[in-house]
K.L.:
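If you scroll down you'll find the structure; I have some questions about it.
Numbers for residues simply follow the sequence, beginning at 1.
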Amino acid sequence: MSKGKSILFGVAVGSAVGVIATLLTTPSSGKQIRSRVKEQTYDWRDVLDSLKFDGLRLKDQLAETSREGASMMKNLTAEMKRSIDEWKKTVEPHKENIQDYIEQIEASLKELEEKVKQD
C-alpha cells in the first residue's frame with residue numbers, strides 16, 4: 001500500500017474508532033449523538049478533501065520540479081560540452097609548444113639531479 005493510501009486508511013480507521021468511542025461514552029440522547037456524528041463526518045470529509053487537494057498539488061509540484069531539473073541538466077551538459085570543445089580548440093595549436101616546454105623542464109630537472117649527485 002502506498003504511503004498516501006496508508007495515511008488515508010489510518011485517518012478513516014481513527015475516525016471510526018473515535019465515533020464509536022464517542023457513542024459508547026456519551027450520556028447524550030440519540031438525536032444529539034446523530035447530530036454530532038453528522039457534524040464530525042462533514043469535518044472529516046473536509047479534512048480528507050483538503051489532504052487530497054494538497055497531495056495532488058504536491059504531486060504536480062514534484063512533476064514540474066522534475067521537468068525543470070531534467071531541462072537544466074540537459075542545458076548544463078550542452079554548455080559543458082561547448083566549453084570543453086572551445087578549450088580543446090584553444091589548446092590544440094599550442095599542444096606541441098607545451099610538450100616541448102615539458103621536455104625542457106624534464107631535461108633541466110635531470111641536469112639538476114645529476115649536479116646534486118655529483119656534489
Side-chain angles (χ1 to χ4, degrees):
M1 204 184 281
S2 73
K3 283 189 176 186
K5 288 181 181 179
S6 295
I7 290 172
L8 291 176
F9 181 72
V11 168
V13 169
S15 299
V17 169
V19 167
I20 291 170
T22 301
L23 288 173
L24 295 176
T25 60
T26 326
S28 303
S29 70
K31 195 172 198 177
Q32 289 174 336
I33 292 173
R34 284 191 299 275
S35 174
R36 271 195 248 152
V37 168
K38 193 174 190 179
E39 287 174 20
Q40 285 181 347
T41 301
Y42 290 134
D43 290 345
W44 281 108
R45 197 173 287 157
D46 290 342
V47 168
L48 289 174
D49 287 343
S50 176
L51 285 173
K52 180 181 175 184
F53 176 75
D54 290 344
L56 291 174
R57 196 172 70 199
L58 178 62
K59 177 185 156 194
D60 292 342
Q61 287 175 345
L62 288 172
E64 181 63 25
T65 302
S66 176
R67 281 192 296 273
E68 288 174 2
S71 175
M72 286 176 62
M73 287 302 293
K74 185 177 179 181
N75 291 340
L76 179 63
T77 302
E79 189 174 317
M80 287 177 66
K81 190 173 183 175
R82 276 193 303 273
S83 294
I84 291 170
D85 288 342
E86 288 176 15
W87 178 79
K88 282 181 180 179
K89 288 177 185 175
T90 303
V91 171
E92 190 64 37
H94 305 287
K95 187 176 177 181
E96 287 184 28
N97 291 340
I98 292 170
Q99 286 177 335
D100 290 340
Y101 288 133
I102 291 173
E103 288 173 4
Q104 289 174 4
I105 292 170
E106 287 176 348
S108 297
L109 287 173
K110 284 182 183 179
E111 288 176 19
L112 284 172
E113 285 177 1
E114 289 176 10
K115 285 183 182 179
V116 168
K117 286 181 183 178
Q118 290 176 357
D119 290 335

K.L.:
Apply salt bridge (Lys or Arg N to Asp or Glu O under 4.0 Å) to E64 and R67, showing your working.
P.N.:
CA-CA 5 Å; E64 181 63 25; R67 281 192 296 273; 2.8 Å; yes
K.L.:
Rounded to the nearest 0.5 Å, what's the gap from CH2 on W44 to CD on Q40? Could you check?
P.N.:
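The distance works out to 8.5 Å.
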K.L.:
Got a second to check how far D46's CG is from T41's OG1, nearest 0.5 Å?
P.N.:
11.0 Å
K.L.:
Answer yes or no: does atom CD of E96 have more than 12 heavy-atom neighbours from other residues, nucleotides or ligands under 6.0 Å?
P.N.:
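Result for CD/E96: open.
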K.L.:
In plain terms, say whether E114 and K117 are close enough for a salt bridge, that is, a side-chain N and a carboxylate O under 4.0 Å apart.
P.N.:
no
K.L.:
Which distance, rounded to the nearest 0.5 Å, do you find between the CG of L58 and the OG1 of T65?
P.N.:
9.0 Å
K.L.:
If we only count heavy atoms from C-beta on, is the D49 to F53 side-chain gap below 4.5 Å?
P.N.:
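They are not in side-chain contact.
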K.L.:
Drop me the distance from Y101's OH to E106's CD, to the nearest 0.5 angstrom.
P.N.:
15.5 Å
K.L.:
Hydrophobic clusters here meaning ILVMFWY residues chained together by side-chain heavy-atom distances under 4.5 Å, can you tell me if M72 and M80 are in one?
P.N.:
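Different clusters.
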K.L.:
Please examine the side chains of K81 and D85, heavy atoms only from C-beta on, and report whether any two atoms are closer than 4.5 Å.
P.N.:
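Counting from C-beta outward, D85 and K81 do come under 4.5 Å.
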K.L.:
Where the side chain of S15 meets the backbone of V11, is there a donor-acceptor pair that is under 3.5 Å apart?
P.N.:
yes
K.L.:
What distance separates E113 CD from K110 NZ, expressed to the nearest 0.5 Å?
P.N.:
8.5 Å
K.L.:
Please round to the nearest 0.5 Å and tell me the distance separating atom CG of L51 and atom CG of L56.
P.N.:
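Here the interatomic distance stands at 11.0 Å.
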K.L.:
Quick one: does any side-chain atom of T90 pair with a main-chain N or O of E86 as donor and acceptor, under 3.5 Å?
P.N.:
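Present.
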K.L.:
Count I, L, V, M, F, W, Y as connected when their side-chain heavy atoms are under 4.5 Å apart, and connections chain through other members. Are L76 and I84 then in the same cluster?
P.N.:
no
